[in-house]
Amino acid sequence: MAEKSFLSLLTKSKTLKTTKQLHSFLYKNALQNHPLLFSKLLLHCAITITGNGSGEEQPLHYARRLLSHSSPNPPDAFMYNTLIRGLIDFPQIAVNTFMEMRLKPLSSPIDSFTFVFLIKSAANLRCVRNLSSWDILLNGYVKLGEIELAKITFLRMSVKDDVSWSTMIVGFAQNGCFDEAFGFFREIHKLRLKPNEASLSGVLSASAQAGAFEFAKVVHCLIEKSGFVWMVSVCNALLDTYSKCGDLGMARLVFERMLEKKKSVVSWTSMIASLAMHGYGVEAIELFHKMENCGIKPDGVSFISVLYACSHAGLIEEGCKYFSMMRDFDIEPTIEHYGCMVDLYGRAGKLEKAYEFACEMPISPNDIIWRTLLGACSLHGNVKLAEQIKKRLSRFDLDNSSSGDHVLLSNVYASLGKWEDVASVRRSASEQKIKKAPGWSMIEVEKLVYRFMADQKQDEIVKEAYEKLREIMLRLKVEGGYVPEIGNVLHDVEEEEKEDSVSRHSEKLAVAFGIARLREGNVVLRIVKNLRICRDCHVVMKLISKVYGLEIVEGCKSRIAHPLR
DNA sequence: ATAGGGTTAG
């Protein structure tokens, strides 16, 4: 059967009658389960409604019936999307259709297209009457990452319920607008609205990502006081937040306090990931087994976490075992799982194997896979492979994240003292107008967050930090026998200059400021930064811990380092 | 209705 000719007939059909005829033809040829043809048919019906606009409901019912009879397979999101797209002039019906869609079992999940069409049809906002429709609209914008549009819509809404508020908070948290998430949460409090499970989870997730430890603790108090402690997602978010803020002990406590039967896959996986990120790979794996013994089936994310644990603990064989174990659980490996495997081999120095693995993956490798390998090359000083991989990476259309790739390659050269090559990488980077993302570090002092950058404008705070830093470095040299570690500095410059450029790194400033403002009895400093720590800073942190008797916890996105452990 | 966990790098 020529699919194309059928489709062209379908698109040419202008009435419900001819559409129905084509439909029966479809059945006769046993093509009714063909999702594409089916969707086209649906679209056609839907368009017929909007086309004659005379309150003709018949085609709509017909389209609906088609959907409910699309057995033996459940309908997929594509079909519903088509219907919603056809309802562009009937926002209320479109929203109702969406409501129906989310209640039905679908063979493919609701995707961003669903929201694109939904929002388009609801663009004429006067048509949207009830509050839940508005909330769905907000959620649609959030899912599309259009957080500004969501905010505008939210501000225009005359009536808002707690779902509207929590949708916004979660939206901010998911789109990296942490300050806004905090702000909206405070606003809820001011308006004397009760926070709910979602807004609490959302604001905690924002705290976790921003490393806002003090803020998180305030939220935690609120949770304890208002009896939200028994909500699974709130506990999960709390656990994750403590872990990401560097307090593994509290994360553990939250996990252990949860009732055994309340713990979900997410709870277990969060705890496994926390252990892994804090460097307890073996314990993470043990917990994975404990989870299985408790009858909780691991999902895809659980495997990512346990693979992460293996690669960072250097447990190659274990990693391979878990990777193949996924099949027993009917979990199809995704690009993330393959990424973990490449990291597993690469980190352990098996660069050839890692490269081979990446080339033979059934999914075509993304930039992250290659960057993983490039990182491994830099770790093990393999110039040849690094150059090859850099070439592959440059084929990706990367706008902002590519600066790091140049840095990585130049680090490979620098580690071998190939300064001409380092210079040429820098030249090519600057020719392509690639700017390195400036590194920053944050420290929370008495519930206020201070952010430092390497060559910041001097204000009182920065001056205070620099002054303290000078004093600290002197003390480290005298008492700790500090020698600057400058292997990673890119320029081939005089030693003194290298030391100088290293000494201004933002994390040193942040720690210095923390020490300058240290309160009596406080022995922990928490730093959050956007870039990975450099070797020299690592050494300095270790020495500071020793000389000053402090614990320094450095959080860096997904990893937490404890220099003194 | 809205929610919680996850691959790389400077």
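Computed from a prediction, not measured in an experiment: that's the story for all the values here. Residue numbers start from 1 in every chain, and the chains themselves are labelled A, B, ... in the order their sequence lines are given, proteins ahead of strands.
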Do the side chain of A/Ser201 and the base of B/dA3 come within less than 3.5 angstrom through a donor-acceptor pair of N or O atoms? no

Side-chain donor/acceptor of A/Thr167 to base of B/dT2, under 3.5 Å: no

Between [Y] and [X], does any NZ, NE, NH1 or NH2 come within less than 4.0 Å of an OD or OE carboxylate oxygen?
| X | Y | answer |
| --- | --- | --- |
| A/Glu224 | A/Arg257 | yes |
| A/Glu180 | A/Lys151 | yes |
| A/Lys263 | A/Glu260 | yes |

Measure the OG-CD1 distance between A/Ser378 and A/Ile389 for me, rounded to the nearest 0.5 Å. 11.0 Å

Can you measure [X] atom [atom1] to [N] atom [atom2] for me and round it to whole angstrom units?
| X | N | atom1 | atom2 | result |
| --- | --- | --- | --- | --- |
| A/Leu373 | B/dT7 | CG | P | 17 Å |
| A/Leu379 | B/dG10 | CG | C1' | 14 Å |
| A/Asp240 | B/dA3 | CG | C1' | 13 Å |
| A/His312 | B/dT7 | NE2 | P | 8 Å |
| A/Asp162 | B/dA1 | CG | P | 12 Å |
| A/Glu336 | B/dT7 | CD | C1' | 6 Å |
| A/His337 | B/dT7 | NE2 | C1' | 9 Å |
| A/Lys263 | B/dG5 | NZ | P | 18 Å |

Using a heavy-atom cut-off of 4.0 Å across all strands, would you classify [X] as base, sugar-phosphate, or nothing?
| X | value |
| --- | --- |
| A/Leu138 | nothing |
| A/Thr269 | base |
| A/Ser264 | base |
| A/Thr372 | sugar-phosphate |

Establish, with yes or no, whether the OP1 or OP2 oxygen of [N] is under 4.0 angstrom from a side-chain nitrogen or oxygen of [X].
| X | N | value |
| --- | --- | --- |
| A/His505 | B/dG10 | no |
| A/Arg347 | B/dA9 | yes |
| A/Lys244 | B/dG6 | yes |

Of the candidate nucleotides [options], which contains the atom at the shortest distance from the side chain of [X]?
| X | options | value |
| --- | --- | --- |
| A/Val163 | B/dA3, B/dG6, B/dT2 | B/dT2 |
| A/Ser302 | B/dG5, B/dG4, B/dA1 | B/dG5 |
| A/Asn366 | B/dT7, B/dG5, B/dA1 | B/dT7 |
| A/Asp161 | B/dA1, B/dA3, B/dG6 | B/dA1 |
| A/Asp343 | B/dG5, B/dT8, B/dG4 | B/dT8 |
| A/Ile304 | B/dG6, B/dT8, B/dG4 | B/dG6 |
| A/Thr334 | B/dT2, B/dG5, B/dG6 | B/dG6 |
| A/Ile368 | B/dT8, B/dA3, B/dA1 | B/dT8 |
| A/Val232 | B/dA1, B/dT2, B/dG4 | B/dG4 |

Start with the C-alpha gap between A/Phe172 and A/Phe182, add the side-chain angles, then the distance that decides, and say whether ring pair (Phe, Tyr, Trp, His ring centres under 6.0 Å) holds. CA-CA 9 Å; A/Phe172 287 132; A/Phe182 300 149; over 10 Å; no

In terms of relative ring orientation, are A/Phe184 and A/Phe154 parallel, tilted or perpendicular, with 30° and 60° separating the classes? tilted

